[in-house]
Amino acid sequence: MGAGESASDYPPEQASQRATFAEEAADYGVLPTNTLHLHDFDAPTPTRIMGARTITTVELENMLASATPPVLIDVIGGAQTVSLPSAIWLRDAGVGRHLDDDVQAWFDLHLSQLTGPDKSRPVVFFCASRMCWLAHNATLRALDLGYANVYWYRGGRDAWQAAGLPMAPVAPSPLDN
């Protein structure tokens, strides 16, 4: 919504499409970049990534309910047992030093397996919140590999949970297998 607007300024269906959660659309003035963020992963992120589309919780929920849902990839680090329903956990896919490192080769292998290897298949990357660079980096990695329909769910798990949406058990990351 623009300055001075509120959800009540729109018809109900439009207002729900403009809804955001956990400040997922907050703009911190961080300029978009096409290079990996190498440290301080828990910091404000830009609002967009050139070549990808930033989506909100409402948009992701609609995509997941569609006849052709995207491949949903959680790149959060550490240990976890739950994530968004249908998410695949590729722990640490957002780390590494550059786009031609060992992480990129590992990421290429797993992303190819998940997409079958159809580089036009929609893929959505997310991590903890708008304050997490890991999904930003994974999005850049996918773009570098030539994926055409790449989405960044910037609000991540925080926005999903703030919307009151369910979490589900997640399988161990391939790093743990």
Side-chain angles (χ1 to χ4, degrees), residues 21-22 24 36-43 45 49 51-177:
F21 301 92
E24 65 189 332
L36 296 178
H37 193 82
L38 303 179
H39 51 81
D40 300 327
F41 295 117
D42 297 324
T45 59
I49 299 171
R53 181 162 169 232
T54 305
I55 59 172
T56 64
T57 301
V58 172
E59 290 170 314
L60 177 58
E61 192 175 20
N62 290 337
M63 289 174 74
L64 293 172
S66 74
T68 55
V71 175
L72 183 60
I73 301 174
D74 183 340
V75 298
I76 215 163
Q80 68 175 337
T81 57
V82 297
S83 186
L84 278 59
S86 78
I88 307 297
W89 185 26
L90 293 182
R91 178 171 56 92
D92 294 340
V95 299
R97 307 289 312 156
H98 42 79
L99 292 172
D100 62 353
D101 59 11
D102 290 345
V103 174
Q104 187 75 342
W106 172 88
F107 184 68
D108 187 15
L109 170 73
H110 289 287
L111 198 52
S112 178
Q113 290 171 347
L114 293 170
T115 59
D118 178 0
K119 290 193 176 188
S120 68
R121 186 154 178 207
V123 289
V124 176
F125 297 96
F126 72 94
C127 56
S129 72
R130 70 199 183 292
M131 301 287 285
C132 178
W133 282 87
L134 296 174
H136 175 278
N137 287 353
T139 299
L140 291 178
R141 287 185 178 284
L143 291 168
D144 182 69
L145 291 170
Y147 284 83
N149 293 301
V150 181
Y151 298 85
W152 178 31
Y153 178 41
R154 182 174 179 251
R157 291 169 58 134
D158 284 1
W160 187 264
Q161 290 178 300
L165 297 168
M167 300 293 278
V170 65
S173 172
L175 284 178
D176 299 325
N177 293 335

Checklist entry - Could you state the interatomic distance from CZ (Arg154) to OG (Ser129), rounded to the nearest 0.5 Å? => result 9.0 Å

Next on the checklist: Would you say that Ile49 contacts Leu143 through its side chain, given a criterion of any heavy-atom pair below 4.5 Å between the two side chains?
Outcome noted: yes

Checklist entry - Rounded to the nearest 0.5 Å, what separation is found between the OG1 atom of Thr68 and the CG atom of Leu64? => result 11.0 Å

Item to check | Short side-chain to backbone donor-acceptor contact, Trp89 and Gly77, under 3.5 Å | outcome: no

Item to check | Working for side chain to side chain contact (heavy atoms under 4.5 Å, CB included), residues Tyr153 and Glu59 | outcome: CA-CA 9 Å; Tyr153 178 41; Glu59 290 170 314; over 6 Å; no

Checklist entry - Which atom names give the shortest non-hydrogen contact between Pro85 and Ala168, and what distance separates them? => result CA-CB, 3.8 Å

Next on the checklist: Is it the case that over 12 heavy atoms from other parts of the model lie below 6.0 angstrom from the CG atom of Asp100?
Outcome noted: yes

Item to check | Asn62 side, atom CG; Thr56 side, atom OG1 - distance, nearest 0.5 Å | outcome: 8.0 Å

Checklist entry - Is it true that a side-chain atom of Arg157 and a backbone atom of Asp74 form a donor plus acceptor pair closer than 3.5 Å? => result no

Next on the checklist: If I compare all heavy atoms of Pro166 with all of Trp160, which pair ends up nearest, and what's the gap?
Outcome noted: O-NE1, 2.7 Å

Checklist entry - What heavy-atom pair brings Ala142 and Leu111 nearest, and what distance separates the two atoms? => result CB-CD2, 4.0 Å

Item to check | Which atom of Phe41 lies closest to which atom of Gly94, heavy atoms considered | outcome: CE2-O, 4.1 Å

Checklist entry - Between atom SG of Cys127 and atom CD1 of Ile73, what is the distance when rounded to the nearest 0.5 Å? => result 13.0 Å

Next on the checklist: To the nearest 0.5 Å, what is the distance between CG on Asp144 and CG on Asp108?
Outcome noted: 9.5 Å

Next on the checklist: Would you say that Trp106 contacts Asp92 through its side chain, given a criterion of any heavy-atom pair below 4.5 Å between the two side chains?
Outcome noted: no

Item to check | Candidate pair Asp158 and Glu24, rule side chain to side chain contact (heavy atoms under 4.5 Å, CB included), full reasoning | outcome: CA-CA 8 Å; Asp158 284 1; Glu24 65 189 332; over 6 Å; no

Item to check | Arg91 vs Ile76 side-chain heavy atoms within contact, under 4.5 Å | outcome: no

Checklist entry - Counting N and O atoms only, with roles assigned by atom type, does the side chain of Thr54 sit under 3.5 Å from a partner on the main chain of Trp152, one being a donor and the other an acceptor? => result no

Next on the checklist: Please check this pair: side chain of Asn149 against backbone of Ser120, looking for a donor-acceptor N/O pair closer than 3.5 Å.
Outcome noted: yes

Item to check | Side-chain (His37) to main-chain (His39) donor-acceptor, under 3.5 angstrom | outcome: yes

Next on the checklist: Between Val123 and Leu114, is there a side-chain heavy-atom distance shorter than 4.5 Å?
Outcome noted: no

Checklist entry - Who passes side-chain contact (heavy atoms from CB on, under 4.5 Å) against Ala163, sequence neighbours left out? => result Phe21, Thr57, Leu165

Checklist entry - Checking Tyr151 side chain against Pro70 main chain: does a donor-acceptor pair fall under 3.5 Å? => result no

Checklist outcome for this item: Output for pair (Phe126 CZ, Leu134 CG), nearest 0.5 Å, gives 12.0 Å

Item to check | Results of side-chain contact (heavy atoms from CB on, under 4.5 Å) for Val103 - residues two or more places apart only | outcome: Val95, Asp101, Arg141

